[in-house]
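Data first, discussion second: the structure below is written as structure tokens.
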Amino acid sequence: MQETEFLVEEFVFTKVNLLEEKINSKFKNIKFKLFEKQINGGINEICTPLINGVPYESANNAGKIQAGIEIINVLSDYYNVYAPIFIDNRESVNEIPFSNFQIINLPI
């Protein structure tokens, strides 16, 4: 019984890792941490974007804007939906990632 439980937990953990790798393979500069292993061996579902290894909430404004554009690009390609991108606080970003969208920079 205990061996079966261990095998099921290992299967779930392997499946979760493969899912996370597949999603992260779509992105260039950001990765998503979708699950974390708990002390008791269980898996907790989370969704934390990492910008060059830094959690989104700790990143600077430019990093957040660049990550947002990358997420928009990937999701737009996946769903085949395209719309203009409005960028607020544009003055904090030196380099905007390439995008096939019209980018509208909002003034200060």
Side-chain angles (χ1 to χ4, degrees):
M1 180 70 171
Q2 193 174 19
E3 185 178 314
T4 304
E5 187 177 318
F6 174 76
L7 287 174
V8 169
E9 287 176 3
E10 282 300 309
F11 171 76
V12 170
F13 190 67
T14 302
K15 184 178 176 182
V16 165
N17 282 335
L18 290 172
L19 175 64
E20 194 171 78
E21 287 175 16
K22 184 172 183 173
I23 290 171
N24 284 330
S25 70
K26 307 284 185 200
F27 296 90
K28 180 180 173 187
N29 296 317
I30 62 172
K31 301 295 177 203
F32 285 92
K33 184 175 181 182
L34 300 174
F35 306 95
E36 65 183 3
K37 198 167 189 176
Q38 297 177 323
I39 295 173
N40 66 1
I43 295 175
N44 187 29
E45 295 179 8
I46 60 172
C47 184
T48 304
L50 303 172
I51 305 166
N52 297 320
V54 177
Y56 181 86
E57 55 274 354
S58 300
N60 62 23
N61 197 38
K64 289 178 181 180
I65 291 172
Q66 292 168 337
I69 292 173
E70 185 173 347
I71 292 169
I72 290 168
N73 286 338
V74 170
L75 291 176
S76 294
D77 287 343
Y78 181 79
Y79 289 108
N80 200 26
V81 174
Y82 302 94
I85 299 174
F86 291 82
I87 300 178
D88 196 8
N89 296 322
R90 169 61 174 92
E91 66 278 359
S92 66
V93 184
N94 290 332
E95 186 175 323
I96 296 291
F98 175 78
S99 183
N100 288 324
F101 304 99
Q102 175 187 16
I103 293 182
I104 300 167
N105 298 303
L106 298 176
I108 300 176

Practice task
Using the test side-chain contact (heavy atoms from CB on, under 4.5 Å), find all partners of Gln38 that sit at least two apart in sequence or belong to another chain.
Solution key: Asn40, Asn44
Handout entry: Sub-4.5 Å side-chain heavy-atom contact between Asn29 and Asn52
Key = yes
Handout entry: Any donor-acceptor pair under 3.5 Å from Lys31 side chain to Asn24 backbone
Key = yes
Problem - Lys26 side chain to Lys22 backbone, donor-acceptor under 3.5 Å - result: no
Problem - Co-membership, hydrophobic cluster, residues Ile85 and Ile65, 4.5 Å side-chain - result: yes
Practice task
Flag the pair Lys15 / Val12 as yes when at least one side-chain heavy-atom distance between them is below 4.5 Å, and no otherwise.
Solution key: no
Exercise for the section: Flag the pair Ile51 / Gln66 as yes when at least one side-chain heavy-atom distance between them is below 4.5 Å, and no otherwise. Expected result: no
Practice task
Without swapping roles, check the side chain of Ser76 against the backbone of Asn73 for a donor-acceptor pair under 3.5 Å.
Solution key: no
Problem - More than 12 heavy atoms from other groups under 6.0 Å of OH on Tyr82 - result: yes
Handout entry: Atom CD of Glu57 with >12 non-hydrogen neighbours under 6.0 angstrom
Key = yes
Practice task
Please tell me if the side chains of Ile71 and Phe32 come closer than 4.5 Å, counting only heavy atoms from C-beta onward.
Solution key: yes
Exercise for the section: Using a 4.5 Å cut-off on heavy atoms from C-beta on, say whether the side chain of Ile87 contacts that of Ile69. Expected result: yes
